[in-house]
Amino acid sequence: MKLKKLTVTNFRPFHGTQEISFSHSTRRNVTVVHAENGLGKTALLNAILWCLYGPAGLTPDLEKPERIINEVAEREGTGREGSTHARTVLCFDHEGAEYMITRTLSLSQQRADPSKTELRVETFQAGQVQAVRGNSSEVQSCINAIIPRGVSPYLFFNGERMNYLGSSGNRGDIRNAIHQMLGLNLIQRTIEDLEHSSVEGRFRRELREEADEDMQRLLDQLEGLRKERETDKHSTELSDKEVAALEKEIKVISEKLEANRGVQELQKERRLLEEEMKNLGLSLQEAEHTLRRLISEEALFLFTADLVRDGRAITSKMRTEGRIPARVLKDFIRDLINAEECICKRSLKLDSPEYKAVMAQLEASPDASFIEAVSSLDNALGAMDGRAVEAKRHLKDSHHRFEEFHETLRQKDARVRQISDQIGDKDDEEVRHLERKREDCRLKIRQHDSEKGRAQGRIELADKGIQELIQKIEQCRQKAGKAELARKRLAMTESVAELLKKMLEIETQRFRRVLDEEIKRNFSRINFKAEWNAHLTSDFRLEIRKKVGDEIIEAAKSTGENQIAAFAFIGSLVSLAKRLDEEAPILKGVQGGEYPLVMDSPFGALGEGYRESVARMLPELAPQVVVFVSPTQWKGEVELNLAPRTDKRYLLQYHGQKPPHNLAEVVDLGGPILRQIVQGKHEKTKIVEVS
Amino acid sequence: MSATSEYETSSTSTAAELFRLATKEQQSIVREILAKERAVAHLDKRTGTGIHEDLVSIIRKYVP
């Protein structure tokens, strides 16, 4: 980036439109703006910053930063706030293209919200306009891509305030300057982004959400349920065996009874009855099943009689009204009206009696979709009616069959009981004993059946519970899988952030070592104390050390020494940024490149001894140097060293009635005597080129 | 990650050496996220750039 021209219009003390062209020469690379304090040096520095970054770029020491528009212009512009404005235009070359940035603030906007400025960037290449961008964040982004706002404090600064870089307790600033100027802030921002709640925090949240503490509890429940089921299953199997043994015993007893002549016939009848009852029991079960199915599937049709009746009443009413079946459809009548002629060839002109008659028909006539809907209703009513009759018959038949089986079974059971009583009442002791044993076996079978039924109920419940638990466990497993994935992603994010932190630290230290060497070279060129030198420590303190005997110790620094240490540091930084590619950083494509240095009052805090050496070193600090200096500070060694490297010079001239105290009327800048004060009606500053 | 401990214990002197010691996934992630960061580096504000979503997507891509 090489500055070409700055044009200011009604910006702070500058009334009207004025401009400064910057030196573009390689050898004579210095531009000097002479101005006594209070005449606009800081305003000029801020004009560049405001143009580049808007109000956010202004230096913190600027008073009333919300008052951008020149006060005289503001007074003159009252009543035409829309057309009165402040504007700065900065032209510069960058990577083979010429840029023109224009920032404007109207008086009405300053009064409403001075932070909302109008910004325009034009790019020229080979004399042709390459791109014109409108006022949007994209335009600001374009500027930030060329010269990030973060680097501006190290390129455009008040020299008197730069000594803070050299003072103790500023390690953060030094480190930040290195990161900003050498593009390492990209890694810093990446680390911050990775550690942001939307990235690392997101994976943490996913991990927390997915982790399932209930997994073990569910597995325990499943294990418990399976054990219970196993016990019940075993119990039913034992019951089955017991029942089989008891049935076998009953069979043996029955055979013995059937062999006994006294009860032979009764026992035979009982056996046959019990066989029949067994078959009847199966038939009864089947009938009950059929009845249940019919109730669930068809019984609803028994309750649709009211619905069918209402539906029929509606369709019947329509028939009575003549709406169905439709004699004439709406579509047909609409066609006649559109044609303005009836099928009888009578005219259907608007509002004619024929027209009104046909329109009356239109009101009463249904359309095709209505007829279709009524037809569907008719079919549905018919179908429902048929199903209701059928369901009634099915249910009646099925219920009858069920009752029949039930009654037969009850009768046969009664007869079996009767037979059992008769056999039990026989005088034959053996018969009575066999019958008691048989009855005992039968009761035991019933107990087993009852117990088996309960166990089977529990098994069914357990099976259901097991299925539910298996599903829950599977869900848990899936969640656990997600949790594991979130854990891996979180670990990867943390490890990448850690890797970047280590890389950033290594790169920062590598650049620090390079800078340290450069600072020593630059400092030794400024400093006249042979035993002194500057050093950038590993913890980023800018120290000045002196040799005392064989020992090197940290020297007590003056403000001036802090300032030259800061110059040496910034000059080294700008120089390193220029040859960033040569340093082959790990991060290809980081910003760097050529930057100008714009310094307000670089000699203000320096004693006589340092002024000369700083003046000698300044042109070497950057490819382009702009210095704002008071005529007093210019004189002598500064002029002697800077003048041969200066291509452009300007004087800020006071116009008005009340010049700053002690301001001389004229000033000698080593050429013609120039007026520094010009009497005028309104107070303003004028930029005068010094030839 | 296994490579983390590798580069933690290694006496690396340059960022390039450190980078080479990282796992292939870490290297790919670093390359991709820096490319994304570079694309928005000139923006003052991160809001609305979608950079965080991009970083999450990159991590998910390499840890599927």
Enquirer: Checking B:R60 against chain A: side chain, backbone, both or neither under 4.5 Å from a heavy atom?
Expert: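 Its backbone and side chain both get close to chain A.
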Enquirer: Considering residues at least two apart in sequence or located in another chain, which fulfil the ring-ring contact (aromatic ring centres under 6.0 Å, His included) criterion with A:F92?
Expert: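 In terms of ring-ring contact (aromatic ring centres under 6.0 Å, His included), with neighbours along the sequence ignored, A:F92 is linked to A:Y99.
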Enquirer: Donor-acceptor pair, A:R103 side chain versus A:W50 backbone, under 3.5 Å?
Expert: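 Yes; judged by distance alone, with no hydrogens or angles, the pair exists.
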Enquirer: Which atoms of A:L194 come close to chain B, meaning under 4.5 Å heavy atom to heavy atom: side chain ones, backbone ones, both, or neither?
Expert: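 Interface part for A:L194: both.
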Enquirer: Listed by chain and number, what are the side-chain contact (heavy atoms from CB on, under 4.5 Å) partners of A:E195, not counting sequence neighbours?
Expert: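 side-chain contact (heavy atoms from CB on, under 4.5 Å) list for A:E195, sorted by chain: A:I191, A:E200, A:A497, A:K501.
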Enquirer: Does any heavy atom of chain B fall under 4.5 Å from the side chain of A:R202, the backbone, both, or neither of them?
Expert: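 Only the side chain of A:R202 comes within 4.5 Å of chain B.
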Enquirer: Would you say B:T23 and B:Q26 are linked by a side-chain donor-acceptor pair, where the criterion is simply a distance under 3.5 Å?
Expert: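 B:T23 and B:Q26 do have a side-chain donor-acceptor pair below 3.5 Å.
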